[in-house]
Asks: 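Mind having a look at this structure? Questions to follow.
Order of the sequence lines fixes the chain letters, A, B, ..., with proteins taken first and strands second; residue numbering starts at 1 for each chain. Model, not experiment: these values are computed from the prediction.
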There are 2 protein chains.
Amino acid sequence: MARAAKKKANEAPEKTTRIQEINRRLILDAALDVFSTYGFRGTTIDQIAEKAGMSKPNLLYYFPRKQNIYVTLLEETLAEWLAPLAEIDPEGDPIEQLRKYITLKINMSESHPEASRLFANEVLHGAPAISDFLSKHLKPLVDDKAAVIRRWVGEGKLAPVDPYHLIFMIWATTQHYADFDVQVRAIMGSQVGRPGFREQTAQAVLSIILNGIRPRPV
Amino acid sequence: MARAAKKKANEAPEKTTRIQEINRRLILDAALDVFSTYGFRGTTIDQIAEKAGMSKPNLLYYFPRKQNIYVTLLEETLAEWLAPLAEIDPEGDPIEQLRKYITLKINMSESHPEASRLFANEVLHGAPAISDFLSKHLKPLVDDKAAVIRRWVGEGKLAPVDPYHLIFMIWATTQHYADFDVQVRAIMGSQVGRPGFREQTAQAVLSIILNGIRPRPV
DNA sequence: CAAAAACTTGACTACTTGGTCAAAATGCAG
DNA sequence: CTGCATTTTGACCAAGTAGTCAAGTTTTTG
């Protein structure tokens, strides 16, 4: 008994206390760091507990299973990660909308690289924990936006291009800078940390993709 | 004693027997499968041994440490994985050379997705086993080809574009189809397996990137 | 301010897993 | 075919790790 977020018997509202809120946050923040660096199997509960500044049994009081932390984290992250896609406005100017989307994704890649790596690692390993999410939430959203892009192409506002592959290309390219950070650093060296690097990256990526899909004279 | 590939005392030539050759191959093939699916930490020696059809101690007779298998595999794979980049001909036609390179990479992504995932996983986790390789071999090669691309840009044969970001974009995009395969499948469904899919992918990627870097009228 | 509920933890268990070892089986050179 | 080298494996060990438990401490509440 006394399982966190589980009432005495079956009273409904599942209230959370102040302490629960603080500690769950501490745990999830620590876990994001560790999971994104070492992957699910490579992470130990002790590592997370240590980083969160509490004992292992205490951590397990809030999340009875290692899996629980991991799944909670993924769910929390995914919504946020997908949000920019939903914001593409079907009524806006195609090139401007995609410019905005790509810019947002590059910014997120720099500001939350752990989230990107957590997700990348999960998908790379076959998405065992989120394959449902992918088919039930991601697919419909992408289908929706793909239809918009396809319409834009039909209206001659974009060069003929497969919308799905375009979306994949944007994801791949923007997340590359988070997921393959060490490789980027190994090759570009000290430039990576420097102030203007994100802008330089954005400029390069935008230039290629947007020119690649701008409507072309026949 | 009787350590494989270690002679009685110190006689030089390190000969390998027929059986050694067969079994090392069996182990490495099995290991590629397992490591690329579960990552280093997520893989157990027993899994590899089972898949290779031999007992764990026997496997350890050929590779005394788990790390040995992993590193051998990475080394074997990396050279092959990088080869297409080296083939870019500085004297060839820029668009044609890059078309060839991108096509090769997409084909590799489909024919050897495990290699791509093995590598992706390693880099994603900070490249602990190959950071030396990245700075000593990959960087010089990329620097070299970046210089070529920069020259092409200078000669007006390509639109102004940062060569490093262009290379990253090609890597990201092509390897995406191997590394994020489950996601691609979740979204594009049965299309992925179908015969023409690779060609369709190649066409889309080539169209965007090549049009994105084709020299533009001022 | 007491009693109840919520929270915290040291000590422990059960299990997984990388790696060892000694002895048996097999291959091979002379 | 004989004796030495190579290969193979069952049984085992030690370390690491997910998760339990019972007993304490702190916070909340009536």
Side-chain angles (χ1 to χ4, degrees), chain A residues 1-27 30-31 34-35 37-73 128-129, chain B residues 1-11 13-28 30-31 34-35 37-73 128-129:
Chain A
M1 70 182 65
R3 184 55 63 73
K6 193 103 200 176
K7 298 299 292 299
K8 262 261 290 296
N10 47 16
E11 293 152 43
E14 291 280 344
K15 85 154 187 255
T16 43
T17 71
R18 185 183 51 92
I19 295 179
Q20 273 168 42
E21 209 157 311
I22 292 171
N23 282 342
R24 289 175 66 96
R25 190 73 266 140
L26 279 174
I27 293 169
V34 188
F35 278 133
T37 307
Y38 302 105
F40 182 75
R41 287 286 308 264
T43 292
T44 71
I45 298 183
D46 294 85
Q47 274 176 293
I48 303 175
E50 156 120 42
K51 194 151 214 154
M54 70 185 66
S55 68
K56 176 164 68 169
N58 199 18
L59 181 151
L60 287 164
Y61 171 73
Y62 293 101
F63 294 89
R65 312 269 143 195
K66 186 182 172 185
Q67 266 276 345
N68 298 155
I69 315 175
Y70 186 69
V71 171
T72 305
L73 210 48
Chain B
M1 70 182 65
R3 185 56 62 74
K6 193 102 198 176
K7 297 299 291 300
K8 261 261 290 295
N10 46 15
E11 294 153 47
E14 291 281 343
K15 83 154 189 258
T16 42
T17 71
R18 184 182 52 91
I19 294 177
Q20 274 169 39
E21 211 156 310
I22 292 171
N23 282 342
R24 289 176 67 97
R25 191 73 265 139
L26 278 174
I27 293 168
L28 289 171
V34 187
F35 278 134
T37 307
Y38 302 105
F40 182 75
R41 288 289 306 263
T43 293
T44 72
I45 299 184
D46 294 84
Q47 275 176 292
I48 303 175
E50 157 121 41
K51 194 151 214 156
M54 71 185 67
S55 68
K56 176 164 69 167
N58 199 17
L59 182 152
L60 287 164
Y61 171 72
Y62 293 101
F63 294 89
R65 311 269 144 193
K66 186 182 173 186
Q67 265 277 346
N68 297 156
I69 314 176
Y70 185 69
V71 171
T72 304
L73 211 47

Asks: A:I69 vs A:F35, test: side-chain contact (heavy atoms from CB on, under 4.5 Å). Steps then yes/no.
Replies: CA-CA 10 Å; A:I69 315 175; A:F35 278 133; 4.1 Å; yes
Asks: Rounded to the nearest Å, what distance is computed from the CD atom of residue A:E21 to the P atom of nucleotide C:dA6?
Replies: 16 Å
Asks: Report the distance from atom NZ of A:K66 to atom P of D:dG16, rounded to the nearest whole Å.
Replies: 15 Å
Asks: Examine B:R41 relative to A:Y38 and say whether NZ or CZ is less than 6.0 Å from the centre of the six-membered ring and inside a 45° cone about the ring axis.
Replies: no
Asks: What is the distance, to the nearest angstrom, from the CZ atom on A:R18 to the C1' atom on C:dC7?
Replies: 12 Å
Asks: Separation of A:I69 atom CD1 from D:dA18 atom C1', in whole Å?
Replies: 11 Å
Asks: Using side-chain heavy atoms (C-beta onward) and a distance below 4.5 Å, is B:L28 in contact with B:R25?
Replies: yes
Asks: Mind checking the CZ-CG spacing from B:F63 to B:L73? Nearest 0.5 Å is all I need.
Replies: 8.5 Å
Asks: Reckon B:R65 has a side-chain N or O less than 4.0 Å from the OP1 or OP2 of C:dG18?
Replies: no
Asks: Output the distance between atom CG (B:L26) and atom CD (B:E21), rounded to the nearest 0.5 Å.
Replies: 11.5 Å
Asks: Does C:dT17 have OP1 or OP2 sitting under 4.0 Å from an N or O in the side chain of A:R41?
Replies: yes
Asks: Below 4.0 angstrom, which residues in residues 42-51 of chain B have at least one non-hydrogen atom near DNA chain D?
Replies: none
Asks: Using OP1 and OP2 only, check whether a side-chain N or O of B:T17 sits under 4.0 Å from C:dG27.
Replies: no
Asks: Check the distance between C:dC7's C1' and A:L60's CG and give it to me in whole angstrom.
Replies: 14 Å
Asks: For D:dT7 and B:Q20 - does any side-chain N or O of the residue sit under 4.0 Å from the phosphate oxygens OP1/OP2?
Replies: yes
Asks: Side chains of B:I48 and B:T44: does their closest heavy-atom pair fall under 4.5 Å?
Replies: no
Asks: Sugar-phosphate atoms are those with a prime plus P, OP1 and OP2; base atoms are the rest. Using that split, label each nucleotide of nucleotides 8-14 of chain C B, S or - for protein heavy atoms under 4.0 Å, 5' to 3'.
Replies: BBBB---
Asks: When the side chains of residues 50-59 of chain A are checked against the rest of the protein, which donor-acceptor pairs come out under 3.5 Å, sequence neighbours left out?
Replies:
{"from": "A:K51", "atom 1": "NZ", "to": "A:D33", "atom 2": "OD2", "distance (Å)": "3.3"}
{"from": "A:S55", "atom 1": "OG", "to": "A:N58", "atom 2": "N", "distance (Å)": "3.3"}

Asks: Locate the shortest heavy-atom distance separating B:F40 from B:K66; write the atom from each residue and the value.
Replies: O-NZ, 3.0 Å
Asks: Nearest-Å distance, CD1 (B:I27) to C1' (D:dT8)?
Replies: 12 Å
Asks: Do the side chain of A:N23 and the main chain of A:Q20 share a donor and acceptor less than 3.5 angstrom apart?
Replies: no
